[in-house]
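Some notes on the structure that comes next.
Computed from a predicted structure; not experimentally measured. So that the names make sense, note that chain A is the first sequence line, chain B the second, and so on, each numbered from 1.
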Amino acid sequence: MEKKDPAVYSIGIVEERTGLTGRQIRYYEKMGLITPERTEGKQRRYSEKDINLLLKIKQLLSEGLDIKGVKEKLKAIKEELDLKEDLLNSKYSVNIPGRKEISSLYPVSDRAALIELLTEKEKNKKD
DNA sequence: GTTCTTACA
DNA sequence: TGTAAGCA
């Protein structure tokens with residue numbers, strides 16, 4: 001089950017796929033909302049998850065949150081995820097639940113981000 | 001031509 | 001946020 005997510009998208013591609021301007025994308029990065037990789041030439045390279053994260057940010061922003069609010073929201077989601085991860089790795093877990101089941105426990109609005117972050121966690125443990 | 005940073009309106 | 005300058 002090789003599930004890699006290399007950062008291969010240029011900022012131009014990300015603009016098209018997220019509907020955001022390069023200006024906004026760079027601004028969110030400066031605000032600490034995203035951390036894309038860099039090529040040797042210092043150009044930004046985004047992964048599939050970065051794009052999903054950008055879309056999540058865009059959604060939260062459209063819901064009235066400001067940059068600070070989005071940052072806190074993303075942090076909250078991550079903490080929630082770490083908590084669930086502990087349960088998954090717990091010695092008390094007899095039956096390891098599948099990601100699908102886990103995600104179903106979450107409200108639809110947070111499911112996308114949850115799955116996305118969980119996938120990242122799983123990948124990091126494998127590497 | 002694309003992207004990057006800095007800076008000004 | 002848009003745009004321009006000067007680079008890579």
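Side-chain contact between A:Leu20 and A:Tyr28 is present, with heavy atoms from C-beta onward closer than 4.5 Å. Counting heavy atoms from C-beta outward, A:Val14 and A:Asp50 have side chains that stay 4.5 Å or more apart. The shortest distance between side-chain heavy atoms of A:Lys56 and A:Gln59 falls below 4.5 Å.
In this view, A:Ser10 satisfies the side chain to side chain donor-acceptor pair (under 3.5 Å) rule with no residue, not counting sequence neighbours. Remark: A:Lys75 pairs with A:Glu79 by the side-chain contact (heavy atoms from CB on, under 4.5 Å) rule, at least two apart or across chains. Residues satisfying the side-chain contact (heavy atoms from CB on, under 4.5 Å) test with A:Glu29, not counting sequence neighbours, are A:Ile34, A:Pro36, A:Arg38, A:Arg44, A:Tyr46. A:Ala7 meets the side-chain contact (heavy atoms from CB on, under 4.5 Å) test with A:Glu37, A:Arg45, A:Ser47; sequence neighbours excluded.
A 4.0 Å heavy-atom criterion places the boundary nucleotides of DNA chain C facing chain A at C:dT1 to C:dT3, written 5' to 3'.
Contact check of residues 7-32 of chain A against DNA chain B (heavy atom, cut-off under 4.0 Å) returns A:Ser10, A:Ile11, A:Gly12, A:Arg26.
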*What do the steps show when you test A:Ile57 against A:Leu61 for side chain to side chain contact (heavy atoms under 4.5 Å, CB included), and what is the final call?*
CA-CA 6 Å; A:Ile57 291 171; A:Leu61 248 25; 3.9 Å; yes
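A:Arg38 comes within 4.0 angstrom of sugar-phosphate atoms only, judged by non-hydrogen atoms across all strands, and of no base.
Screening residues 6-27 of chain A for salt bridge (charged side-chain N to carboxylate O under 4.0 Å, His left out), with sequence neighbours left out, gives A:Arg17-A:Glu48.
Taking each heavy atom of A:Leu54 and A:Thr18 in turn, the nearest pair found is CB-CG2, 3.9 Å.
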_Pairs counted only when both distances fall under 3.5 Å, Watson-Crick or G-U: show me the 5' to 3' dot-bracket for DNA chain C, [ ] for pseudoknotted crossings and | for other-strand partners._
||||||.|
